[in-house]
2 protein chains.
Amino acid sequence: MASYETSKLLGQVLSTECPSREILEHLTNKWSVLILRCLNEGVHRFSELKQRIEGISEKMLAQTLKILEQDGFILRTVYPVVPPKVEYQLTITGSQAAEKVMQLINWIERGLPEILEAKPKIE
Amino acid sequence: MASYETSKLLGQVLSTECPSREILEHLTNKWSVLILRCLNEGVHRFSELKQRIEGISEKMLAQTLKILEQDGFILRTVYPVVPPKVEYQLTITGSQAAEKVMQLINWIERGLPEILEAKPKIE
DNA sequence: CGGAATCCAAGATGATACTG
DNA sequence: CAGTATCATCTTGGATTCCG
């Protein structure tokens, strides 16, 4: 009954064909989650993000921001001043995504002792 | 006031030193999220996971399962039969983590049309 | 300041073949 | 069946340099 197109959408993230798979990978990307965490607190400049997210390089920051911008999760605002000033903030959908990501992050940060405790000792 | 050790824990995921950073990366890993999604539905065998998660290789499946097992999120049960039978299931903390991940996945799958709609056309 | 471009090392990933 | 081992590849990531 389901057409090929329909089945691709129903396949969801477990299907390589479904667009949701790519969205999920972008959002759960190593640096994306940390960027979403920062922007969830408010507007940030490029240099601010670089400072707050320990260990990120300019290249990966710029690259990841671009992907999230293309996905419509981040709004990039350029101010025509010298020196340049660029601000990043979450869009509506970006806020919704960040909210879900934050729940995972908060669970980890708050439950860290229990999580580390539950780790099997013998590896 | 805060000692070095304390500040590391307070630094949370934004700090490279905090253990939560690694936990977060393991959980938001490309294949981890899909594995968690499957196991959230119940116990699965190795071959079942391989079939359900389209595009995953045996190597990455085995490797990712091992990481999640070492983190205490997955329980691996080996049955001493021929041919071999191995089952994977979530632990308590694994279920909690999967729950958070599922909220993100469900949001993406359900809101996919709106998400794709919100994507900027000019790139 | 906020990148873009380039180069290169390192690690992640995939396909295949093999084993208990 | 459930992996492991090996090799080839492909992406990631970092350092550097340059520019508006």
Side-chain angles (χ1 to χ4, degrees), chain A residues 13-17 21-35 38-39 42-71 74-89 123, chain B residues 13-17 21-35 38-39 42-71 74-89 120 122-123:
Chain A
V13 293
L14 292 180
S15 165
T16 53
E17 310 279 357
R21 175 87 158 243
E22 193 183 5
I23 298 291
L24 178 63
E25 285 179 9
H26 288 177
L27 288 176
T28 61
N29 179 63
K30 174 180 180 179
W31 299 117
S32 293
V33 290
L34 299 180
I35 290 175
C38 284
L39 293 184
V43 184
H44 281 77
R45 299 183 61 171
F46 186 87
S47 54
E48 291 171 346
L49 290 172
K50 192 191 165 202
Q51 284 195 331
R52 292 208 58 192
I53 303 173
E54 199 180 328
I56 195 170
S57 66
E58 290 190 356
K59 178 182 175 179
M60 294 314 300
L61 179 55
Q63 182 177 307
T64 310
L65 284 170
K66 192 177 292 179
I67 291 174
L68 292 175
E69 186 192 359
Q70 289 175 351
D71 282 343
I74 282 183
L75 184 63
R76 180 173 179 268
T77 308
V78 182
Y79 296 91
V81 295
V82 177
K85 177 179 178 181
V86 181
E87 286 185 344
Y88 294 91
Q89 59 188 303
E123 293 180 12
Chain B
V13 293
L14 292 180
S15 165
T16 53
E17 309 279 357
R21 175 84 157 244
E22 193 183 6
I23 299 291
L24 178 63
E25 285 178 11
H26 288 176
L27 289 176
T28 61
N29 180 64
K30 175 179 180 180
W31 299 117
S32 293
V33 290
L34 300 179
I35 290 174
C38 285
L39 293 185
V43 183
H44 281 77
R45 299 182 60 170
F46 186 87
S47 54
E48 292 171 345
L49 290 171
K50 191 190 167 203
Q51 285 195 330
R52 292 208 59 193
I53 303 172
E54 200 179 325
I56 197 170
S57 64
E58 291 190 355
K59 178 180 175 180
M60 293 314 299
L61 179 54
Q63 181 177 307
T64 310
L65 283 171
K66 193 176 293 179
I67 291 173
L68 292 175
E69 187 193 359
Q70 289 175 351
D71 282 343
I74 283 184
L75 183 65
R76 180 173 179 267
T77 309
V78 183
Y79 296 91
V81 295
V82 177
K85 178 179 177 180
V86 180
E87 287 184 342
Y88 293 92
Q89 60 188 303
I122 312 120
E123 293 178 11

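In what follows, every chain begins at residue 1, and chains take the letters A, B, ... in the order their sequences are listed. Being a predicted model, the structure only gives us computed values, none of them experimental.
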Can you check the H44(B) NE2 to dC1(D) P distance for me, whole Å? 16 Å

So, do L39(B) and L49(B) sit near enough that their side-chain heavy atoms are less than 4.5 Å apart? yes

When the distance from CZ of F46(B) to P of dG20(C) is rounded to whole Å, what number comes out? 18 Å

Give Y79(A) one of three labels, base, sugar-phosphate or nothing, depending on what nucleic acid heavy atoms sit under 4.0 Å from its own. nothing

Return a single string for nucleotides 10-17 of chain D, one symbol per nucleotide in 5' to 3' order, where B is base contact, S is sugar-phosphate-only contact and - is none, cutoff 4.0 angstrom on heavy atoms. ---BBB--

Taking the side chain as everything from C-beta on, heavy atoms only, tell me whether L34(A) gets closer than 4.5 Å to L24(B). yes

Shortest non-hydrogen pair, E58(B) vs K50(B), comes out as OE2-NZ, 3.3 Å

Of the listed dG3(D), dG3(C), dC1(C), the closest approach to the R76(A) side chain comes from dG3(C)

Just to confirm, is there a sub-4.0 Å distance from OP1 or OP2 of dC1(C) to any side-chain nitrogen or oxygen of R45(A)? no

Would you mind classifying the nucleic acid contact of P84(A) as base, sugar-phosphate or nothing, using non-hydrogen atoms under 4.0 angstrom? base

R76(B) side chain to E87(B) backbone, donor-acceptor under 3.5 Å: no

Does dA2(D) have OP1 or OP2 sitting under 4.0 Å from an N or O in the side chain of S47(B)? yes

Give K50(A) one of three labels, base, sugar-phosphate or nothing, depending on what nucleic acid heavy atoms sit under 4.0 Å from its own. nothing

OP1 or OP2 of dT4(D) sitting under 4.0 Å from any side-chain N/O of K66(B)? yes

Nearest heavy atoms of V33(B) and L27(B), plus distance in Å: CG1-O, 3.3 Å

For the pair made of CG in L65(B) and C1' in dA2(D), what is the distance, rounded to whole Å? 11 Å

Scanning both residues in full, the closest heavy-atom pair of L14(B) with R21(B) reads O-NH1, 3.1 Å

Under 4.0 Å between a side-chain N/O of Y88(B) and OP1 or OP2 of dC1(D), yes or no? no

Residue of the set I35(B), L68(B), T64(B) for which side-chain contact (heavy atoms from CB on, under 4.5 Å) holds with N29(B): T64(B)

